[in-house]
Amino acid sequence: MKKAILFLLLVSMLALAACGSQSTSGPEGGSKNEKLVVGTDAAYAPFEYLKDGKIVGFDADLLKAVMKEAKLKYELKNTGWEPLFASLKSEQVQAGISAITINDKRKQTYDFSSPYFESINKILVKEGSPVKSVDDLKGKKVSVQNGTTGQDALEKKFGKGEANVKKYETNVLAIQALLNGEVDAVVADNTVVDEYAKNNPDKKLTVVNDKTNFESEYYGIAFPKGSENKKKIDKALQTVIDNGTYSKVYKKWFKVEPNLDALKK
Ligand code: ARG
């Protein structure tokens with residue numbers, strides 16, 4: 001007798017739980033409650049990289065905080081860099097977070113959140129390299145990740161083709177080319193090359209800063225043009241910045257306080 005009641009109780013609890021997991025607490029006013037797919041190229045530590053098969057990094061943590069604030073369900077998907085842009089265009093992904101620099105060229109095709117991180121390109125070379133500036137890269141082989149602002153900066157300086165720019169599918173491969181001696185330098189975002197040099201002292205690398213040739217850049221979350229999610233995510237991002245969550249995530253990854261004023265441009 002008691003057993004039967006317990007059993008009924010269990011069945012009804014399970015039924016309730018099943019219902020609960022389906023009726024997602026979707027955004028107010030929004031009729032859809034499916035997950036947003038957010039694309040990334042998880043080969044750009046410390047912003048996004050794979051650890052034990054999971055995508056981790058500053059971007060992953062920031063996205064988590066922002067989506068929680070926006071009450072949006074999402075799945076972060078490792079699409080790769082160039083496929084990410086194609087998937088945004090075809091709306092196979094609803095957003096992208098991948099240390100993506102907001103620039104005029106990209107703004108023609110995609111929408112962006114407000115800026116969430118300031119960045120600049122830097123040059124990674126082997127210790128003892130004669131390269132001390134972008135000018136010194138003339139006639140040298142330089143690797144970049146295909147389709148990045150590092151590639152744009154070099155092509156702007158040296159023209160397409162002339163600079164001997166070698167393009168790789170991932171930044172990891174671009175760095176590998178330097179380690180192998182295939183190229184003389186890598187151009188990529190400051191935080192990425194700084195961290196790489198610091199975390200791999202055995203590789204004996206030096207980072208070259210050239211503020212006259214490289215310009216300050218800002219990362220944003222990318223959306224297909226006209227996406228309704230931009231507004232919600234911008235609002236949540238601002239809240240996360242104002243309530244200290246952004247600073248917490250920033251300190252976790254970079255060990256210092258962020259300069260929040262740099263984001264208000
Ligand atoms: N910030 C640079 C750009 O937007 C490089 C970003 C590369 N990101 C990545 N996850 N591989 O072009």
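For clarity, every value in this text was computed on a predicted model and none was experimentally measured. The figures here come from the full heavy-atom set of this structure, side chains too, leaving out hydrogens, waters and symmetry mates. Both counts, for ligands and for their atoms, begin at 1 and track the order of listing.
- No more than 12 heavy atoms of other residues, nucleotides or ligands shown are found within 6.0 angstrom of NZ on Lys107.
- Each of Thr148, Thr149, Asn164, Val144 was compared with Leu154 under the side-chain contact (heavy atoms from CB on, under 4.5 Å) criterion, and only Val144 meets it.
- Listed by chain and number, Asp41, Tyr44, Glu48, Trp81, Ser98, Ala99, Ile100, Thr101, Arg106, Gln145, Thr148, Thr149, Asp189, Tyr219 each place a non-hydrogen atom less than 4.0 angstrom from ligand 1.
- Of the charged side-chain nitrogens involved, none lies within less than 4.0 Å of a carboxylate oxygen, so that Asp152 and Lys156 do not count as a salt-bridged pair.
- Note: Phe254 and Phe47 have tilted aromatic rings, judged against thresholds of 30 and 60 degrees for the angle between ring planes.
- For residues 76-106, the ring-ring contact (aromatic ring centres under 6.0 Å, His included) pairs, not counting sequence neighbours, are Trp81-Phe85, Phe85-Tyr110.
- Residue Glu215 places its CD atom among 12 or fewer non-hydrogen atoms of other residues, nucleotides or ligands, all under 6.0 Å distant.
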